[in-house]
Colleague: 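The structure is given below, and queries will be raised subsequently.
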Amino acid sequence: MRRPLLPLLGRAWLALILVFLYAPILVMAAMSFNASPFYQLPFEFSTRWYADMAMNPQIIEASLRSVGIALATMVIATALGTAASIALFRYDFPGKRVLQVLLFPPIAIPWLITGTAMLIFFFAIGIGRGTPAVLIGHVALALPYVIVTVSARLSSFDVTLEEAARALGADAWTVLRRVTLPWIAPGIVAGALFAFAVSFDQFVVSYFLAEPGDSTLPVLIYTAIRKGFTPEINAISTIIITVSMGIMFLATRKSSFGGSR
Amino acid sequence: MSSVEVRNITKSFGRARALDDVSITFEDGGFFALLGPSGSGKTTLLRTIAGFSFPDTGTIRIGARNVEAVPVEKRDIGMMFQSYALFPNMSVADNVGFGLRVRRVGAAEERRRVAEALDLVQLGDKGGRMPHQLSGGQRQRVALARAIVTQPKVLLLDEPLSALDKTLRVDMQIELKRIQREVGITTIFVTHDQEEALTLSDRIGILRDGRIVQAGTPREVYDHPNSAFAATFLGEANWLPDAALEGLQLPGDRTRHRFAVRPEALTLTDGRPATGNALSARLEQRVFAGAMATCLVRVDGEPWKLVARDRDLPEMAPGSEVWVSWTPEDTLAVPREAAT
Amino acid sequence: MAEITAPEDRRRLVTLLSPAYLWLTLAVFLPLSAMLFFSFLTDLPQDAPDWGFTLENYLSFGESEVYATLLWKSLKLGVTVTFFCILIGYPCALVLARTIKGRARETLFLLVILPFWSNSLVRIFSWAIVLRGNGVLERGLEAVLPWDIRLNLMFTTHAVVIGLVHSYLPYVILTSYLALQAIDDDIVDAARSMGASTLTILRRLLLPLSLPGLLAGAVLVFVPVVGSFMEPRILGGRHGTYYGTVIEDQFVAVYNWPLGAALSFVLLAVVLLILGLSTPILRRART
């Protein structure tokens, strides 16, 4: 190395940022194993809070609800989003640009606005609050992510493959099933994982749409934090962050979002 | 302007040896082509001379100054890239003036020299354009003007013409040669295109596996290749089968040399000619290409190629027995030990 | 890509597209329109039979200084957080994209953006544990430094800024990184061959060429921060009243939905204005 100072400084900066990003999460995880309910040091290992958490019916119920909603969101958003991506890729039609641009408001507009707007509208048309409302909202938020991810994969798809299959006598549905879908499968898997994560981590929209009695996990945590939190919340938070980071790790590996060209 | 002297340079990337004890001198004001297949180390050598990478051992001298430890921005070189590498956020004039501004020559001086350089490449009226508004050939010229405007000691060109289509490439070759002569700058030019190397340069270095195989004027290298690799990489060679050597006039000892003939040195006739070296052959195919024609023949089972003016060739059907002949002086004698 | 000509193509197109877009219409576009409508109502139709139209919800924004002050406070928070995200994140993207190569780069990039995809509420909560009085940060610093430390960071504006920067920093890194790594290495090499120093290359090439990415990142940070309410609530305590928290209150505490809708809509207008202003710059840079 000729001028080692600058690259060295750069690496040090990067290391500091990683500490900044991960330290609080690690502290939280460590504290979930600390016996003291007031986060007192010295550290004393205990799995007490995990046991407490497992005995807490509210947390269990909210966890199951969150996972259920996330799974349902994943299935619906992936199916609808994949279909839309294929149509947007395959056909040229007037208004296509508009449809593509319309994907951005759900991503770009603050969830506070989207969430309150959904609340007002769902009450006006009689859906009201509750799990169905939450599910409708989550699917809408996840759809753009699925469409963007699957479209990115599709853009590397060679259309002449479809034409070749057609020339060999395959009909449109056979081409879709045997040629197109296998090619975009990694994009679909990544999109599905994104959809799951968007729903599983979603707090704002769930907060406005969930019925106070049967909330999702993030809403439960928010309420608990505001009441003055207990280490049980640490325990479930640690589990949540492990699950969501694990899922996103898989998703970024599957899609080009990971930065590889 | 300065000469460039490279002495015993080695450079390894991990286990791979990109440059293996390379020594070569580039004379002041000369136009030197580095020619070789991909992976031969020619680009590594150019980038080492430029100062983008540093040799593991050896010395590089530009003019009177040893530069092997000097980073690129302090070497005072001009470089042109295969992708042109024009700055997309700057106008043509700002691109050309970049190096001058870095050197703080002053606004008036910068304007004058930018105008001069743009005139030299015949783009005097395009200073206000942005790079994306120019054609490929124009970008090429801007890149050239940008590389020489600072009057660097040496101009380094990394396959600068390979992105152009054929007719434009020929125009640019002529243009490049004219400008190089006018400016008189020492120029080192990397290419894998042998025709380009022959047309442009007054000296050629052929590289293979990180070594300089042969260096000399284009004519020297073409007429006296010192290895089978040099003979086939620069031009084409028809190798004389060992069994056919009997009775031929050869310019060297057959135990120490292999012999070859260039396609354009061969004559094709239907009867055996009276003088010179001749071998019987079978005509396999004749490919018409306007003024010239290429004939594929077989000599003792070896495929040979022959190029001649179409009108000089006798009319013969594929499969006919023919004779190929050449004057003995046109035989290339290639040392055997180097022939791999 | 095929032009739509045959009726069966048209049918297939509609079959593929309409479910997704109907869903988006039902769950996003109609609600946003409904919010505009509700913001002009005196009362909720389902609550009060004598509801009517009024401009009062918007007028109260102008009459009471509270809302304008809070919106201004939220905008300032957005500027502060965006500023720190750029200050911290852009050099990081620069290091990642221009000095680290190969597998190490991919892994580090993944590590940097991974937290961004994890639960933001939980991450904010983790800061509450770190920053609280006599918490991990103070105790940790006490262990290193000889004197008594009283940072008192928890329930301050600083805590809110730290939490938000932590939440949104990966956005700036992601977009800047993508813009920076798209810059051709030859361009930097060319500048160096002309004698440019690292600083000149940064100032005249890398920064201008990656500006669209940086700007996109800034917008992606600024917009949600202006609308944030959960982060100030958890980390800001008494100082945690912002425009977003006031909107939240209208829906979950005060139950004045028409006023909440009007406040939301003002925020939406601000957001759209910012997005609209930044679009031409982002688009121009793409050519």
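Each chain gets a letter, A, B and so on, in the order the sequences are listed, and its residues count up from 1. Only heavy atoms go into these numbers, but all of them, side chains included; no hydrogens, no water, no symmetry mates.
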Colleague: Does a salt bridge link B:E175 with B:R178, judged by any charged N lying under 4.0 Å from a carboxylate O?
Modeller: yes
Colleague: Does C:V226 form a side-chain contact (heavy atoms from CB on, under 4.5 Å) with C:Y243? I'd like the steps, not just the answer.
Modeller: CA-CA 8 Å; C:V226 173; C:Y243 194 71; 5.8 Å; no
Colleague: Tell me which of these, B:G78, B:G99, B:A143, B:A147, has more heavy-atom pairs under 4.5 Å with chain C than the rest.
Modeller: B:G99
Colleague: Heavy-atom cut-off 4.5 Å, strictly under: side chain, backbone, both or neither for B:L156 against chain C?
Modeller: neither
Colleague: Answer with side chain, backbone, both or neither: which region of B:V72 has an atom nearer than 4.5 Å to a non-hydrogen atom of chain C?
Modeller: both
Colleague: Please round to the nearest 0.5 Å and tell me the distance separating atom CZ of B:R139 and atom CD of B:Q133.
Modeller: 10.0 Å
Colleague: Testing B:R7, B:R203, B:E5 for side-chain hydrogen bond (donor to acceptor under 3.5 Å, both in side chains) with B:T25, which one passes?
Modeller: B:R7
Colleague: Check whether B:M90 gets within reach of chain C through its side chain, its backbone, both or neither, counting any heavy atom under 4.5 Å.
Modeller: side chain
Colleague: Name the region of B:R101, side chain, backbone, both or neither, that has any atom closer than 4.5 Å to a heavy atom of chain C.
Modeller: side chain
Colleague: So for B:T150, is it side chain, backbone, both, or neither that comes closer than 4.5 Å to the heavy atoms of chain C?
Modeller: neither
Colleague: Pick whichever of C:I187, C:D189, C:T200, C:V188 has the most heavy-atom pairs under 4.5 Å with chain B.
Modeller: C:D189
Colleague: Once the angle between the rings of B:F189 and B:F31 is folded into 0 to 90°, is it parallel (under 30°), tilted (30 to 60°) or perpendicular (over 60°)?
Modeller: perpendicular
Colleague: Under the salt bridge (Lys or Arg N to Asp or Glu O under 4.0 Å) rule, what do B:E109 and B:R112 come out as? Steps first, then yes or no, please.
Modeller: CA-CA 5 Å; B:E109 171 78 356; B:R112 188 183 63 74; 3.3 Å; yes
